[in-house]
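By convention here, the first residue in the shown sequence is residue 1.
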Amino acid sequence: MDVVQSASTEILIAEESFKQMSSVLLHSLVEEPTKRHAVPHHLLESKIYSDLQRSKVIQAEPAVLHYGGYEVGKHHQQTLKLRNISGDVVNPHIIPPQTRYFQIKYNKTHRLVPGLAYVVTVDFCPDEWRYYYDCIRIHCQGEDTSIVPVHAYPVVNVVEFPSFINLSDVSVGK
């Protein structure tokens, strides 16, 4: 019986040394990936976006997007129209919001003819009750830029107020 036990322990020791040696070999053969630096966004870093609602080329309808009375964990959508108000055909760059709470979707298959508009769907999905802010930036040829702010408020979204409120007579102190 002593022989059988010693053979099994030798096999276990051999397996453990093989595992240690294989992990050492793998680490020496495989190079650890280096962390990549974020690629700079030329239009975000070199341009100033300050025009609200309209620039010389593009008009945003609505000028500011508001999400009032949102529900946590649900998706909320609004549409934004970016209309070409110039006399020339343009090819605007639509820079999406930088936070993960706002996402945009649009179909840009051609250049924008005067009078026509891109329809941009803006999705909002909050994960907690707080104020959210971001913006959509639009860049056209040259220095023509505009910005569409996007706000989300954790408030009750009730806009209906009664036209008449009746406060009955009450004696003083009651």
Side-chain angles (χ1 to χ4, degrees), residues 26-27 30-167:
L26 284 177
H27 288 301
V30 178
E31 182 179 349
E32 289 292 323
T34 58
K35 286 195 170 192
R36 290 185 165 180
H37 298 289
V39 177
H41 197 295
H42 173 69
L43 292 177
L44 280 176
E45 294 177 1
S46 65
K47 304 293 180 191
I48 297 173
Y49 297 87
S50 61
D51 293 336
L52 290 174
Q53 184 175 6
R54 67 187 299 167
S55 65
K56 297 174 187 170
V57 178
I58 295 290
Q59 178 178 357
E61 300 167 4
V64 179
L65 291 174
H66 293 278
Y67 291 90
Y70 60 79
E71 293 182 37
V72 175
K74 289 193 174 183
H75 286 277
H76 305 276
Q77 284 188 348
Q78 287 191 24
T79 57
L80 169 70
K81 289 186 180 179
L82 300 175
R83 187 172 312 280
N84 182 358
I85 57 172
S86 71
D88 299 326
V89 177
V90 295
N91 189 16
H93 300 283
I94 303 171
I95 302 170
Q98 302 299 305
T99 60
R100 64 184 173 103
Y101 305 107
F102 299 101
Q103 303 290 324
I104 64 170
K105 297 176 195 160
Y106 62 95
N107 189 7
K108 186 176 175 183
T109 57
H110 50 77
R111 296 185 302 172
L112 199 54
V113 178
L116 292 183
Y118 287 136
V119 177
V120 179
T121 304
V122 183
D123 290 329
F124 170 61
C125 186
D127 60 357
E128 61 182 336
W129 285 99
R130 68 177 184 91
Y131 169 72
Y132 294 90
Y133 170 78
D134 209 334
C135 56
I136 301 169
R137 297 167 183 91
I138 297 107
H139 173 259
C140 296
Q141 291 93 346
E143 297 297 318
D144 191 48
T145 61
S146 63
I147 188 168
V148 179
V150 184
H151 302 277
Y153 304 99
V155 296
V156 178
N157 197 15
V158 176
V159 191
E160 297 179 15
F161 293 102
S163 59
F164 178 75
I165 299 175
N166 184 11
L167 299 174

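A heavy-atom distance below 4.5 Å is found between the side chains of Y118 and L112. Between T145 and R137, the closest side-chain pair of non-hydrogen atoms is not below 4.5 Å. No side-chain heavy atom of P126 sits less than 4.5 Å from a side-chain heavy atom of Y101.
Taking the six-membered ring where tryptophan is involved, the planes of Y67 and F102 are tilted, since the angle between them lies from 30° to 60°.
Contact between Y153 and H66 at its shortest, heavy atoms only, is CE1-ND1, 3.4 Å. Across all their heavy atoms, K56 and I85 have their closest contact at O-CG1, 4.1 Å. Contact detail for E71 and H76: the closest heavy-atom pair is N-NE2, 3.1 Å. In terms of heavy-atom proximity, V148 sits nearest to P62 at CG1-O, 4.2 Å. In terms of heavy atoms, V89 sits closest to V113 at CG2-CA, 4.5 Å. Between W129 and P154 the shortest heavy-atom distance is CE3-CB, 3.3 Å.
Residue L82 holds its CG atom at 9.0 Å from SG of C140, rounded to the nearest 0.5 Å. To the nearest 0.5 Å, atom CG of residue L116 and atom NZ of residue K81 are 11.0 Å apart. Atom CD1 of residue I138 and atom CG of residue L80 lie 6.5 Å apart, to the nearest 0.5 angstrom.
Dense packing is recorded around NE2 of H151, with more than 12 heavy atoms of other residues, nucleotides or ligands lying under 6.0 Å away.
Checking each of Q103, Q78, K105 against D123 for a side chain to side chain donor-acceptor pair (under 3.5 Å) leaves exactly one that passes, namely K105.
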Check against side chain to side chain contact (heavy atoms under 4.5 Å, CB included), I94 and I136 = CA-CA 7 Å; I94 303 171; I136 301 169; 3.9 Å; yes
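Between D127 and R100 there is a salt bridge, with a side-chain nitrogen of the basic residue lying less than 4.0 Å from a carboxylate oxygen of the acidic one.
Formation of a donor-acceptor pair under 3.5 Å by the D134 side chain with backbone atoms of Q98 is found in this model.
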